[in-house]
K.L.:
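The following block contains the structure, expressed as structure tokens.
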Number of protein chains: 4
Amino acid sequence: MDAATSLCVELGFAATTIEAIAARAGAGKQTIYRWWPSKAAILIEGVEIQRDARAGFPDTGDLRADLRTQTSNVLRLFDSDFGAIWRGLIAAAQNDTAAADGVRRILRVSIDECIGRLEKGVKDGQLRPGLDLELVVELIYGPMYHTWLLRTRPVNASYMNQVLDALAPALFIT
Amino acid sequence: MDAATSLCVELGFAATTIEAIAARAGAGKQTIYRWWPSKAAILIEGVEIQRDARAGFPDTGDLRADLRTQTSNVLRLFDSDFGAIWRGLIAAAQNDTAAADGVRRILRVSIDECIGRLEKGVKDGQLRPGLDLELVVELIYGPMYHTWLLRTRPVNASYMNQVLDALAPALFIT
Amino acid sequence: MDAATSLCVELGFAATTIEAIAARAGAGKQTIYRWWPSKAAILIEGVEIQRDARAGFPDTGDLRADLRTQTSNVLRLFDSDFGAIWRGLIAAAQNDTAAADGVRRILRVSIDECIGRLEKGVKDGQLRPGLDLELVVELIYGPMYHTWLLRTRPVNASYMNQVLDALAPALFIT
Amino acid sequence: MDAATSLCVELGFAATTIEAIAARAGAGKQTIYRWWPSKAAILIEGVEIQRDARAGFPDTGDLRADLRTQTSNVLRLFDSDFGAIWRGLIAAAQNDTAAADGVRRILRVSIDECIGRLEKGVKDGQLRPGLDLELVVELIYGPMYHTWLLRTRPVNASYMNQVLDALAPALFIT
DNA sequence: AGTTAACCGAGACGGTACGTCGCGTCTTGTT
DNA sequence: AACAAGACGCGACGTACCGTCTCGGTTAACT
């Protein structure tokens, strides 16, 4: 009954209760507990399913442009209903090991997709060789998450362009 | 009654209740509510007081070394009791505007301190001129928070050295 | 600050708090506690003062008529604001010895006034001699309080006339 | 959980809290609230159950003797644990409509039992015909409740004998 | 006239109980 | 057999008052 993610969108993560999810889903609480150990687990599964539906990393041959496209897509996602849920899950992960595992599992896939594209960039002679690509992902997405989670200033496409431009001398060839 | 931060350290942010804080502090619940609107507010005040006690940014004249020193100090802090509280506050900030304001207020000071040191670095000819220094802070601390909050891999001094080294071509002169 | 009896009238005895009395009286709570040990004590004093203002038992020479007049007056009192307070005090007296003393003190005066009139009735040859007059008071007022406190049916002047008529063979001479 | 009436006996009505009742009953507070709206409601139900267990009015054929027996029984009850609870309930009824309804409901049964016996007394030619029997009940029990609730003097069997003797000319034949 | 003490309003304090909410477990009746 | 429905023991919530306790500020009395 992932239609219960709707509650999370309507009321926010914190105000979403398992009781309400069960009621909204027309299910008994027990049934919920039979399938998921916690509220976070339900939403993680929801996110994973939705994620599988969404496709991978763009590849037009121009790495820098693709990174711009992809970060812009991610930001659009963060601005949508998904953003509220993702925020809540990251928050939950700070106090709940299981949630942290779920969050990490979700991120792993996205990071690996990104790393895959970066590897192609190296092959294409667009990305400096010898870089720890996991680190490159963090250099790019770190500022985004920092600004998005800590709300120090608005995060949008132009912000990410600034980030990518600033990182350019460190990452890209010519 | 900031000695109630001890509970947060012992039990974690989520398991810390205002009831327990009051009991530990030998105070009535009402007294707590008279002074702070929420658990987060108490801890934010505690963090701010402690922060005021701690000093500012190192300045040896060598910007890169100072950044290494400072990030290393911050990481040590994150590994200490403070880390658990800070984690909890950032989590709370995701679902609570007031907490978010407090977190932002705390961060602002640290960021401004960092920006101050970066400005000196520009004057000293160690940092590239023309950079948005707020952005530079995010380039440096973004990866740190990303990795620390999302727990994708361990964060330690050597990790931050990697980050600074990777950023070097983008930030530093020669 | 017996103007605080107004609160009792407005909100009922149970909902009247010493805090509210103090606020309404424009006094500090401490000042209230300096003068009275409890809410009941305040109201008892208020009742006593008001009682002293009201006069005694009617005496037209016709005992039966006087009893009708007096019971009717009492009932009118019970229907007024005083009734609500008196009800509350009697209730409080069930769980509070001090309140019980106050209630008994107030009643004593009224009962003695009634007994005084009854004694005159004996002298006048209207009341059977040899009766325990305290008991006679109870025979008359007992049904009234029973019906008023337990609310088994409406109490009004005609009810009291029935009571007096029914008691007549037991009390009055011809 | 009528075993919670024990608390009322031990501590008195006023000092009995729903919290303590729940604890003593080994139940959650919510469970108490699910079944009864207030402390008074619990005790009323307890009294009603106990009342159903106790039998009705004695009938030896001698009305006056039966009234003596019954009032004496009632007084013994008032002196027992039940007395404390009944006192508290009558007190509560003064400020609480629901409690008043409960008290009235309980009384109704007893009054009707008494009226039943009085009717037989009329048939047997022991009680004056033409009396409002409801009123007769009040003439008998009114003094008892008056004296018991207002504590103007001790109530005991000999007191009730005095009452019945005094009422005799008004009520009984020969 | 200046100082001092008593008393006051205001309201913070440590508590206790309130009535509500949601937890995770359990029982019951239905399909 | 799995399910919805929801009761259950529990624990924390945030609120209301309790009775006690400082606080300043204002009188009033007495040097």
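Note: hydrogens, waters and symmetry copies are ignored here, and every other heavy atom, side chains too, is used. Residue numbers begin at 1 in each chain, while the letters A, B, ... track the order of the sequences.
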K.L.:
Find the distance between OG (B:S110) and CG (B:L77) and round it off to the nearest 0.5 Å.
P.N.:
9.5 Å
K.L.:
Please compare A:P37 and C:K29 by the position of their nearest nucleotide in DNA chain E and report the one closer to 5'.
P.N.:
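With A:P37 and C:K29 compared, the 5'-side residue is C:K29.
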K.L.:
Closest nucleotide of DNA chain F for D:G28 versus for C:A20: which of these residues is on the 5' side?
P.N.:
D:G28
K.L.:
Given the structure, check if the side chain of D:Q30 and the base of F:dA7 hold any donor-acceptor pair shorter than 3.5 Å.
P.N.:
no
K.L.:
For A:I21 and F:dA5, what is the distance between atoms CD1 and P respectively, to the nearest whole Å?
P.N.:
16 Å
K.L.:
In terms of the angle between their ring planes, are C:F82 and C:W86 parallel, tilted or perpendicular, with boundaries placed at 30° and 60°?
P.N.:
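Ring orientation, 0 to 90° scale: parallel.
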K.L.:
Taking the minimum atom-to-atom distance to the side chain of C:R34, which one of E:dC7, F:dT20, F:dT15 wins?
P.N.:
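Per side-chain heavy atoms of C:R34, the pick is E:dC7.
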K.L.:
Could you check how far CG of B:L11 sits from P of F:dA12, rounded to whole Å?
P.N.:
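Distance check: B:L11 CG to F:dA12 P gives 10 Å.
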K.L.:
With the side chain of D:E19 defined as its heavy atoms from C-beta on, choose the nearest nucleotide among F:dC8, E:dA17, E:dG22.
P.N.:
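So the side chain of D:E19 is nearest to E:dA17.
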K.L.:
Between B:W35 and E:dC13, is there a side-chain N or O to OP1/OP2 distance below 4.0 Å?
P.N.:
yes
K.L.:
Which whole-number value in Å describes the distance from A:I32 CD1 to F:dA2 C1'?
P.N.:
14 Å
K.L.:
For DNA chain E, whose closest nucleotide is more 5', that of A:Y33 or that of C:A23?
P.N.:
C:A23
K.L.:
Can you check whether B:T31 has a side-chain N or O nearer than 4.0 Å to OP1 or OP2 of E:dG14?
P.N.:
yes
K.L.:
Measure the spacing between OG1 of B:T17 and CG of B:L11 and express it to the nearest 0.5 Å.
P.N.:
8.5 Å
K.L.:
Any chance the side chains of D:S6 and D:R24 put a donor and an acceptor closer than 3.5 Å?
P.N.:
yes
